[in-house]
Amino acid sequence: YNLMMFPYPSAEGLHVGNIYAFTGADVNGRYHRLRGKTVFEPMGFDAFGIHSENHAIKVGVHPGELIPRNIANFRRQLRQMGGMFDWRHELSTTDPAYYKWTQWLFLQLLKAGKAYKKQAAVNWCPECKTVLANEQVIAGECERHPGVAVSQRFLEQWFFRITDYAERLLANLDDRAKMDWSHSTAMAQRNWIGRSEGAEIAFEAGGETIRVFTTRPDTLFGATFMVLAPEHPLTERLTTPAQRKTVEAYRQRAAATDLVSRRVGDREKTGVPTGAHAVNPATGEPIPVWIADYVLMEYGTGAIMAVPGHDQRDFEFASAFGLPVVRVLAAEGEDAGTPLEEALEATDDARLVNSGQFDGMNADEGGRAITAWLAERGAGRATVQYRLYDWCISRQRYWGPPIPIIYCEACGPVPVPEEDLPVLLPPLADFRPDDSGVSPLARDAAWYHVPCPGCGRPARRETDVSDTFLDSAWYYLRYPSTEFDDRPFDPARTRRWLPVASYIGGNEHAVLHLLYSRFLAMVLQELGHLHFEEPFARFRAHGLIVKDGAKMSKSRGNVVIPDEYIAQWGADTFRMYLMFLGPFEEGGDFRDAGISGPRRFLDRVWDYVGQAAGGPAGPGASAAPAEPIVAREALVKYHQTVKKVTGDLESLNYNTAIAAMMELLNTLREHEAVSLGVAEGLVVMLAPFAPHFAEECWERLGHGTSVMDAAWPGWDEQFLVQDRVEVVVQVNGKTRSRVTVPAGADEEAVGRAALADEATRRFLDGKTVRKRIYVPGRLINLVVG
RNA sequence: GCUCGGGUGGCGAAACUGGCAAACGCAGGGGACUUAAAAUCCCCAGGGGGAUCUCCCCCGUGUGGGUUCGAAUCCCACCCCGAGCACCA
């Protein structure tokens with residue numbers, strides 16, 4: 001199962017970046033097919049979603065009309081680039097036969113208690129006029145509208161409990177047997193899940209208990225005040241009558257501030273005291289309780305113990321409001337009373353001070369000891385926190401699968417019965433979102449008002465559609481089973497093809513699509529629908545194609561459309577050029593200057609094939625190397641190349657594979673070594689990169705069947721072992737000469753040969769050899785005094 | 001700030017596990033072919049210096065140190081570029 005990320009057909013067509021990614025994946029698929037595997041390489045279209053809808057709004061055409069048009073163009077380009085796609089299994093997420101099952105998935109998660117609804121502060125993009133997932137908010141701005149600040153709104157939203165799976169999602173990343181992934185992608189997921197070890201500590205405050213999470217329990221003695229998030233539920237009960245007005249004003253101001261600017265880290269600290277005091281369980285001292293918006297309700301417990309001596313944010317807050325700073329860490333020999341200019345970080349030689357019986361311990365020991373001490377008193381315990389949020393899937397937009405829920409006055413939210421799926425998206429003429437926060441779907445009265453499936457009384461439909469990432473979180477499950485309309489994925493097909501053997505795609509989806517897909521697979525496995533929990537056995541992130549050092553984007557005007565290049569140079573030359581540009585996993589800078597290199601190479605191969613087709617058959621790919629009718633050097637090069645190219649294709653090192661084939665051709669030409677067998681082997685090795693060209697060559701070489709049905713060439717080790725080898729001679733580590741010795745010569749023999757070598761002798765200059773280092777068959781280093 | 005990548009000729013890059021730095025290609029120079037140009041083919045090509053000119057020396061993989069017989073590769077410190085995360089307690 002050779003999977004690549006299906007495109008969203010929103011723009012004018014595929015750009016060079018898509019072609020690059022798909023070509024790299026297609027080379028992989030074709031290689032494995034030539035190795036004798038049955039390769040499934042499907043293609044489809046991620047055609048729902050905000051990208052597509054915004055494009056439709058911009059162009060002024062209904063997406064229901066525009067998207068099929070775009071898809072037709074994409075299909076044309078995909079055929080042109082020569083991908084080995086199985087079009088019988090094409091899918092589009094906008095097809096009711098597909099999104100029926102997207103809705104079905106929602107119902108399965110709902111049944112399993114993994115979907116829930118809550119009123120939540122959400123990211124609202126005033127430009128998209130919809131809620132964004134946290135993943136779609138980049139540095140406080142909408143990912144699709146740079147410069148547009150995302151604001152805060154409170155809406156009832158559907159969420160998926162991805163946080164229940166934080167530990168498993170994290171742990172599996174280290175399990176190579178389950179998932180062999182690009183390092184960078186796994187790393188991005190680790191960051192996103194954001195695991196922190198620490199302690200939960202209870203502070204008593206006038207009959208109430210404030211729980212905090214801290215990663216630094218060792219600094220407990222330095223906690224001189226506490227801070228609650230403005231939304232913290234305890235705020236109301238803790239606030240003293242004298243402070244009520246101040247606190248209320250602050251809370252209202254915080255609520256009006258959008259989520260985004262709340263999270264900008266370098267803002268001036270603001271906050272107000274509640275008037276209440278809590279007791280530091282370590283010191284027994286009363287410490288004031290404040291509220292401030294630098295503490296976030298969404299993380300940890302929404303409350304912190306503030307340790308201004310050893311946390312920079314707390315230090316800034318204490319400085320702004322004149323709160324006491326106590327240091328509880330000091331370097332060896334440093335005076336525990338020295339005042340701090342800024343928060344002091346824990347270092348290896350730092351020891352606890354001002355911390356009673358824990359004085360003298362380092363931060364780690366102290367943290368463990370204090371946590372244990374708290375646990376004995378029932379005031380704390382070691383715990384783990386994750387940065388991951390639950391996945392908000394509600395979108396107040398038109399172009400998506402309606403969430404299959406019906407609201408009834410009597411029964412509440414009722415799932416649409418599975419036999420009534422799909423809930424079809426009504427064909428709305430005016431599908432534009434407005435500021436109301438209500439999806440455009442509410443405007444279609446006939447669609448909106450339905451009888452309750454439970455009691456039959458008048459009810460109304462959920463008007464939100466689901467996030468595009470839900471569509472794409474399971475498309476790989478659908479591909480093998482596209483012809484079944486009575487099940488989302490056929491069990492036998494699924495067992496035959498899944499998990500995906502190779503998935504190649506961009507790292508921009510490292511924490512969105514790739515995390516959601518994993519989560520969904522885990523849930524489906526628990527529910528007994530799947531036999532695996534990790535959907536992608538191998539994932540490789542390809543690099544980015546940039547232009548003039550910058551990422552291609554419409555706003556920069558540096559997007560390269562592949563069509564003209566394919567028209568001018570041919571799809572195969574273009575594929576070869578892209579794969580030759582640099583390491584596939586690193587990407588590269590698109591320059592049209594270099595494209596003539598691969599073209600010249602293919603032209604020369606064409607000439608060589610012409611000669612070989614007319615010439616005598618010789619040893620090579622399939623034939624036994626009977627008569628060396630061509631120079632032995634050429635044959636050796638051939639077998640070396642087969643081995644090199646095979647290894648490089650396994651590891652996606654396409655650029656060096658192409659370079660090796662170029663070297664081979666250069667050697668063949670140099671020795672005028674024309675051989676049918678060698679030509680055949682070379683053509684088969686070229687087939688993954690230049691499939692149309694290889695097909696023509698194959699026919700020219702006298703074959704009546706497709707080159708894709710040929711066998712991958714093998715190499716003969718007998719050509720790889722040489723009877724004489726060249727050994728580099730170094731004197732004091734500098735290369736001075738080289739000598740040719742019989743393969744397997746021992747150190748003594750090579751040493752003698754080196755000493756007999758005239759060029760070497762000049763550098764020895766009569767001095768005695770103090771030491772001799774010999775790397776067998778490679779190098780000898782003579783150290784002279 | 002934290003976490004990952006990366007920095008090698010004019011350019012894209014290569015270099016197995018510490019063992020000939022620059023393979024392969026682009027651009028460039030010279031030559032052959034041609035009335036000419038394009039295409040094609042052959043040769044040259046990291047920098048500097050020397051020479052008895054089919055030869056030799058020195059320098060050279062972001063910077064500075066270190067380990068080693070030997071470092072693009074390993075270690076320490078720093079600089080720069082890219083990506084992810086970020087008032088995450």
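Residue numbers begin at 1 in each chain, while the letters A, B, ... track the order of the sequences.
Partner assigned to B:G46 is B:C59, using Watson-Crick or G-U wobble distances below 3.5 angstrom. Applying the Watson-Crick and G-U wobble criteria (two distances, each under 3.5 Å), B:G1 pairs with B:C85. Of all nucleotides present, none satisfies the Watson-Crick or G-U wobble test against B:C33 with each distance under 3.5 Å. Applying the Watson-Crick and G-U wobble criteria (two distances, each under 3.5 Å), B:A15 pairs with nothing in any strand.
Distance alone, capped at 3.5 Å, is enough to place a donor-acceptor pair between the A:Q189 side chain and the A:A510 backbone.
Ring geometry, A:F584 versus A:H542: the interplanar angle falls from 30° to 60°, so the pair is classed tilted. Between A:H513 and A:H509, the ring planes are perpendicular. Angles over 60° get that label, and only those under 30° would be called parallel. Ring-plane geometry between A:Y654 and A:F689 is classed as perpendicular, the angle between the planes exceeding 60 degrees on a 0 to 90 degree scale with a lower cut at 30.
Taking atom P in both B:C78 and B:C20, the straight-line distance is 31 Å, to the nearest Å. Look at the C1' atom in both B:A71 and B:G66: the space between them is 11 Å, to the nearest Å. For the P atom pair drawn from B:G9 and B:A22, the interatomic distance equals 14 Å after rounding to whole Å. Comparing B:G49 with B:C44, their P atoms are spaced 22 Å from each other, to the whole Å. For B:C88 and B:C11, the C1' atoms lie 44 Å apart once the distance is rounded to whole Å.
Around the CD atom of A:E748, the shell of radius 6.0 Å holds no more than 12 heavy atoms that belong to other residues, nucleotides or ligands.
The separation between A:Q640 atom CD and B:C16 atom P is 16 Å, rounded to whole Å. As rounded to whole Å, 13 Å separates atom C1' of B:A86 from atom CG of A:D311. Atom CD1 of A:I595 and atom C1' of B:A13 are 17 Å apart (whole Å). As a whole-Å value, the separation of A:D314 CG from B:A89 C1' is 7 Å. Separating the CD1 atom of A:I545 from the P atom of B:G12 is a distance of 14 Å, rounded to the nearest angstrom.
In terms of polar N and O atoms assigned as donor or acceptor, the side chain of A:Q730 comes within less than 3.5 Å of the base of B:G19 in a complementary pairing. Applying the 3.5 Å distance criterion, the base of B:C69 shares no donor-acceptor pair with the side chain of A:Y774.
The side chain of A:H183 places no N or O atom within less than 4.0 Å of a non-bridging phosphate oxygen (OP1 or OP2) of B:C4. Distances shorter than 4.0 Å separate some side-chain N or O of A:R600 from OP1 or OP2 on B:A27. Distances shown here put a side-chain N or O of A:S596 below 4.0 Å from the OP1 or OP2 atom of B:A27. An OP1 or OP2 oxygen of B:A89 is reached within less than 4.0 angstrom by a side-chain nitrogen or oxygen of A:S196.
Among the protein residues, A:R604 comes within range of the sugar-phosphate backbone only, with heavy atoms under 4.0 Å from sugar or phosphate atoms but none that close to a base. Across all strands shown, A:N666 has heavy atoms under 4.0 Å from sugar-phosphate atoms exclusively, and none from any base. At a threshold of 4.0 angstrom between heavy atoms, the contacts of A:D603 with the nucleic acid are absent. Residue-level contact check: A:L581 touches the backbone only, with heavy atoms under 4.0 Å from sugar-phosphate atoms and none from bases.
In this structure, the nucleotide among B:A14, B:G19, B:A23 sitting nearest to the side chain of A:N655 is B:A14. With B:G19, B:A23, B:C88 as the choices, the nucleotide that has an atom nearest any side-chain atom of A:Y389 turns out to be B:C88. Comparing B:A89, B:G12, B:A86 by their closest approach to the side chain of A:R387 singles out B:A86. Closest approach to the A:M187 side chain among B:C85, B:U3, B:A15 is made by B:U3 (side chain taken as heavy atoms from C-beta onward). Among the nucleotides B:U3, B:A13, B:G19, the one closest to any side-chain atom of A:N781 is B:G19. Picking from B:A27, B:C88, B:G19 the nucleotide with the shortest atom distance to the side chain of A:I773 gives B:G19. The side chain of A:R669 has B:C42 as its nearest neighbour among B:C42, B:C4, B:C87. Comparing atom distances between the A:R591 side chain and each of B:C11, B:G19, B:C24 picks out B:C11 as nearest. The listed nucleotides are B:C87, B:A86, B:G19; the one nearest the side chain of A:D293 is B:C87. Distances from the side chain of A:N191 to the nucleotides B:U3, B:A89, B:A27 place B:U3 closest.
No salt bridge links A:R669 with A:D607; every basic N to acidic carboxylate O contact stays at or beyond 4.0 Å. Salt-bridge check for A:D603 with A:R599: passed, with a basic side-chain N closer than 4.0 Å to an acidic carboxylate O.
Mapped onto RNA chain B by nearest heavy atom, A:A188 and A:G302 fall at different nucleotides, with A:A188 at the one closer to the 5' end. Nucleotides of RNA chain B nearest to A:P598 and A:R313 differ in position, and the one nearer the 5' end is that of A:P598.
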request  = Assess whether salt bridge (charged side-chain N to carboxylate O under 4.0 Å, His left out) is satisfied between A:R368 and A:D218, documenting all intermediate values.
outcome  = CA-CA 7 Å; A:R368 278 193 299 273; A:D218 55 301; over 6 Å; no
